[in-house]
Amino acid sequence: MPTNKKPNRLIAEKSPYLLQHAYNPVDWYAWGEEAFAKAKRENKPVFVSIGYS
């Protein structure tokens with residue numbers, strides 16, 4: 001993993017798939033209440049990635 005980039009919130013996840021994206025510049029959320037609460041608060045849809053690795 002790159003050490004010169006700041007990790008996103010996925011760095012705290014246990015899933016190997018999610019950890020692959022911990023240094024991605026996208027503001028990813030793991031599936032859960034935090035993601036749905038933000039989407040509801042901002043009146044935005046939820047984009048679901050089912051994996052591709």
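All values below come from the heavy atoms of this structure, side chains included, with hydrogens, waters and symmetry mates left out.
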Exercise for review: Locate the shortest heavy-atom distance separating Ala35 from Ala30; write the atom from each residue and the value.
Suggested key: CB-O, 3.7 Å
Point to revise | Intermediate values then yes/no, side-chain contact (heavy atoms from CB on, under 4.5 Å), Val46 and Tyr29 | key: CA-CA 10 Å; Val46 174; Tyr29 281 76; over 6 Å; no
Exercise for review: Drop me the distance from Lys5's NZ to Asn24's CG, to the nearest 0.5 angstrom.
Suggested key: 8.0 Å
Review point. For Glu42, does the CD atom sit with more than 12 other heavy atoms under 6.0 Å from it, leaving out its own atoms?
Key: yes
Review point. When rounded to the nearest 0.5 angstrom, what distance separates OH in Tyr17 from CG in Leu10?
Key: 9.5 Å
Check your understanding: Atom CZ in Phe36, atom CH2 in Trp31: separation rounded to 0.5 Å?
Key -> 3.5 Å
Exercise for review: Could you grab the distance from atom CG of Asn8 to atom CD of Glu13, nearest 0.5 Å is fine?
Suggested key: 9.5 Å
Check your understanding: Any side-chain heavy atom of Arg9 within less than 4.5 Å of one from Trp28?
Key -> no
Check your understanding: Does the side chain of Asp27 reach to within under 4.5 Å of the side chain of Lys38, using non-hydrogen atoms?
Key -> yes
